[in-house]
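Bear in mind that the values here come from a model prediction, so they are computed numbers and not experimental data. Position 1 is the first residue of the sequence; numbering continues from there. Ligands are counted one by one from 1 in listed order, and the atoms in each one are counted from 1 as well.
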Amino acid sequence: MEEVKLFGHRASPFSCRVEIALKLKGVHYDFIAEDPSNKSPQLLQYNPVHKKIPVLLHNGKPIAESLVILEYIDEVWKTNPILPQNPHEKAKARFWANYAEEKCLPALFKTFWSVGEQYDKDKAEAGEVLKFLEDELEGKKFFGGDSIGLVDIVANFIAFWFRTIQEALGLDVLTKDNFPKLWEWAENYVNCSDINQFLPPKDKLIAIFPPPYMGQHLVAFFQSRLAAAAAAK
Ligand SMILES: N[C@@H](CCC(=O)N[C@@H](CS)C(=O)NCC(=O)O)C(=O)O
């Protein structure tokens with residue numbers, strides 16, 4: 001009998017990636033909810049370098065870092081591949097997954113805490129970065145083609161987390177008008193039944209991001225922006 005455990009957090013896009021991959025593969029697993037402000041001794045033992053969730057424990061062996069875990073899952077459980085089989089297509093999927101992670105994530109999240117001219121600058125930069133993803137979707141429903149693949153799973157923070165927080169803060173970085181393909185992709189993604197069962201409720205996502213997820217200053221900043229957005233309505 002295989003033992004599969006996931007140390008994660010329901011509000012984390014990184015942990016959610018792993019749950020989605022396990023779901024797509026039909027792998028049964030135990031979910032162990034970690035408290036980021038009081039990490040369990042097991043988490044610290046299994047991920048002593050980064051001390052972060054998610055960690056997948058497969059038959060007693062830990063694997064850390066969500067992108068690494070996704071590739072591991074795809075190699076171990078062969079049904080419903082999340083990476084293409086063709087070497088060139090596979091290399092491209094890895095390229096765009098890394099692009100989403102290393103370029104898009106920081107550029108998008110930067111827009112959450114800039115205001116005024118700095119916001120305009122950060123928004124323009126995020127737009128330049130997103131344009132490449134928009135073009136990559138040409139003629140496709142998902143980055144993986146007709147079905148969800150590695151890039152879709154990695155870019156989950158754009159489809160749900162970023163858009164949810166953007167909406168709450170009243171920002172307009174990624175809109176239906178300026179990125180129609182990305183918007184449609186995000187809608188398809190969050191409305192997919194294999195996916196949406198793992199997404200945290202929107203209101204909870206906004207409310208629960210506690211330190212140390214986000215520093216206390218950022219919580220205060222979010223609260224002030226939310227108050228300003230509410231006052232402007
Ligand atoms: N690069 C990591 C990022 C994981 C990550 O940032 N996890 C956050 C939760 S969203 C965490 O465990 N934070 C606790 C901490 O930073 O101490 C991955 O892809 O798995």
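Closest to atom 13 (N) of ligand 1 by heavy atom, among E101, E65, K52, is K52. Comparing I53, V55, N47, L43 by heavy-atom distance to atom 5 (C) of ligand 1, the nearest is I53.
Every atom of ligand 1 is numbered from 1 in the order shown, and the set under 4.0 Å from a heavy atom of P54 is 20 (O).
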(request) Start with the C-alpha gap between D135 and K181, add the side-chain angles, then the distance that decides, and say whether salt bridge (charged side-chain N to carboxylate O under 4.0 Å, His left out) holds. (result) CA-CA 8 Å; D135 292 346; K181 292 194 212 80; 5.0 Å; no
(message) Run R94 and E71 through salt bridge (charged side-chain N to carboxylate O under 4.0 Å, His left out) and show every step you take.
(response) CA-CA 10 Å; R94 287 184 173 133; E71 294 232 10; 2.8 Å; yes
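Applying the ring-ring contact (aromatic ring centres under 6.0 Å, His included) test to residues at least two apart or on different chains, the pairs with a partner in residues 73-103 are H58-W77, W96-Y99. Listed by first then second residue, pairs satisfying ring-ring contact (aromatic ring centres under 6.0 Å, His included) with a partner in residues 16-52 read F7-Y46, not counting sequence neighbours.
At a heavy-atom distance under 4.0 Å, atoms from both the backbone and the side chain of S66 approach ligand 1.
The distance criterion of under 3.5 Å between nitrogen or oxygen atoms is not met by S12 with respect to ligand 1.
Under a 4.0 angstrom heavy-atom cut-off, K39 registers as being in contact with ligand 1.
By the 6.0 Å contact criterion, CD on E117 is open, its count of non-hydrogen atoms from other residues, nucleotides or ligands being 12 or less.
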